[in-house]
Amino acid sequence: MTAAATPRTILHVDLDAFYAAVEVREQPSLAGRPVVVGADPKGGRGRGVVSAASYEARRFGIHSAQPIGRAYSLCPDAVFLPPRMELYLAVSQRFFALLERFTDLVEPLSVDEAFLDVTGSERLHGDGPTIARAIQRAVRDEERLSVSVGVAPCKFVAKIASDLRKPAGLVVVDGAPGAAAAFLAPLPLERLWGAGPKTAARLHQLGARTIGDVAALAPSHLAAAFGGDGGAHLQALARAMDDRPVEPERAAKSLGREHTFEVDVADRDEVARLLLALVEQLTARLRRHGLAGRTVTVKLRTDDFETVTRAATLESAVDTTEALLPVARKLLSRCDTTRRAIRLVGVSLSHFGAVQPALFEEKAVRQGRAVARAVDELCARFGEGVVTRGSLLDRAPPGPDVGPKPRPPRAPPERNG
DNA sequence: TCTGGGGTCCTAGGACCC
DNA sequence: TCTGGGGTCCTAGGACCC
């Protein structure tokens with residue numbers, strides 16, 4: 001990774017406490033109160049995590065990805081709300097439409113954050129900081145939400161900058177040579193993108209504490225700890241050398257559904273029933289996005305939190321329950337988890353490509369696609385859940401299947417073939 | 001205080017082909 | 001006959017991000 005040949009102006013835009021902020025906006029009486037969006041705390045015994053916490057809730061030590069029981073014990077009086085994904089996704093889509101007024105080069109990172117390359121729009125809209133302030137103003141006026149922005153010569157530095165003065169922060173890093181590296185140097189290395197707990201611990205063992213320390217480490221030491229590529233990548237980021245382009249059209253590479261039982265389950269039939277429900281939801285989503293895939297992966301997590309996956313790659317891409325389920329069932333039987341209770345079941349599909357022409361398909365698979373089309377049509381007309389397989393009726397389906405993401409998977413990818 | 005659900009990317013080893 | 005190196009595809013697991 002080398003420095004970009006031409007100077008760029010990259011923005012990282014990040015909605016503050018997104019889900020919680022939307023809930024407060026919808027229910028003004030919540031303003032000023034600690035608001036936690038996530039799993040049902042169930043008086044402290046709930047299973048699941050915090051999805052978003054308002055800044056008032058954060059003062060109690062509550063943060064996203066925290067077990068919900070922990071959040072409850074930190075602040076039992078907080079307002080605990082279940083996520084309303086359809087609502088957030090609608091807001092998210094307007095947010096991205098707003099960003100696209102400033103440049104075509106908008107790369108969504110999730111529902112609530114994006115990279116923008118505004119290098120080419122500065123003549124029209126003003127320089128980076130001017131555009132950043134205009135975005136903050138527009139999001140505040142039109143959506144009544146607050147947003148933090150980082151302006152920098154590359155993606156990674158912009159991302160760090162936007163995070164530094166939340167909420168409603170604006171941090172600008174000069175594009176002059178060396179300025180970005182100097183900006184990063186004093187920050188704790190935990191802020192490096194890709195340096196989670198394991199990587200941070202190993203960097204500490206090498207004597208590093210700050211990003212500047214990582215930038216100065218002997219490449220041979222880094223390579224010994226992380227491999228040649230991994231070490232070089234870390235050090236390049238630490239030196240603010242990041243020429244990755246802003247990519248608006250990144251095609252999805254996999255699609256999956258998973259669910260954690262309320263209580264761990266030893267009954268294999270119950271595991272199999274959940275697998276069927278997940279496969280149904282997954283294939284419906286695949287067809288909605290016009291995707292079909294060749295590699296099926298089944299995932300089990302046991303009560304001791306060990307995760308086991310089994311995968312199989314088919315000759316041709318599939319998108320129906322009839323084609324996918326037998327494979328998923330076989331993979332499930334190959335998961336060596338006997339005598340342990342199951343906590344989570346998941347299924348995903350990757351290796352996207354075109355569905356093979358029906359010429360040589362088995363009759364059952366052809367019929368399966370016809371049934372699927374009919375079901376899809378009914379769901380589109382009358383809403384999700386109007387048609388359900390008989391074998392699914394004896395149990396509640398896991399969670400709502402959320403609709404399309406702001407970055408919906410596009411046509412089958414061709415990258416790397 | 002036990003740890004969701006959606007993803008991406010990387011690594012290592014084995015099979016297989018040239 | 002033996003050795004071997006490179007490339008690609010696949011699987012399983014793991015780290016990480018929001």
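Side chains included, hydrogens not; waters and symmetry mates left out as well; all remaining heavy atoms used.
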Inset, instruction - Take the protein atom CG of Leu349(A) and the nucleotide atom P of dT8(B), then report the distance between them rounded to whole Å. - result: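 Atom-to-atom, Leu349(A) to dT8(B), this comes out as 12 Å.
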Regarding [X], tell me which of base, sugar-phosphate or nothing describes its non-hydrogen contacts under 4.0 Å with the strands shown.
X	value
Ala312(A)	sugar-phosphate
Leu344(A)	sugar-phosphate
Lys299(A)	nothing
Val50(A)	nothing

Inset, instruction - Answer yes or no: does a side-chain N or O of Arg301(A) lie under 4.0 Å from OP1 or OP2 of dG4(B)? - result: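 Checking dG4(B) against Arg301(A), a side-chain N or O does come within under 4.0 Å of OP1 or OP2.
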Inset, instruction - Would you please confirm or rule out a distance under 4.0 Å between OP1 or OP2 of dG4(B) and any side-chain N or O of His259(A)? - result: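 Checking His259(A) against dG4(B): no side-chain N or O falls below 4.0 Å of OP1 or OP2.
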Inset, instruction - Starting at OG1 of Thr9(A), measure out to CG of Asp117(A) and round the result to the nearest 0.5 Å. - result: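 Nearest 0.5 Å value for the OG1-CG distance: 7.5 Å.
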Legend entry - Gap in Å between the two P atoms, one belonging to dT1(B) and one to dC17(C), rounded: 25 Å
Legend entry - Interatomic distance at P, dC16(C) relative to dC2(B), whole Å: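 Nearest-Å result for dC16(C) against dC2(B) at atom P: 24 Å.
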Inset, instruction - Mark this stacking check for Phe305(A) against dC2(B) as yes or no, applying ring centres under 5.5 Å and ring planes under 30°. - result: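 By the stated criterion, Phe305(A) and dC2(B) do not stack.
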Inset, instruction - Give a yes or no on whether the backbone of Ala200(A) and the side-chain of Gln205(A) come within a donor-acceptor separation of less than 3.5 Å. - result: no
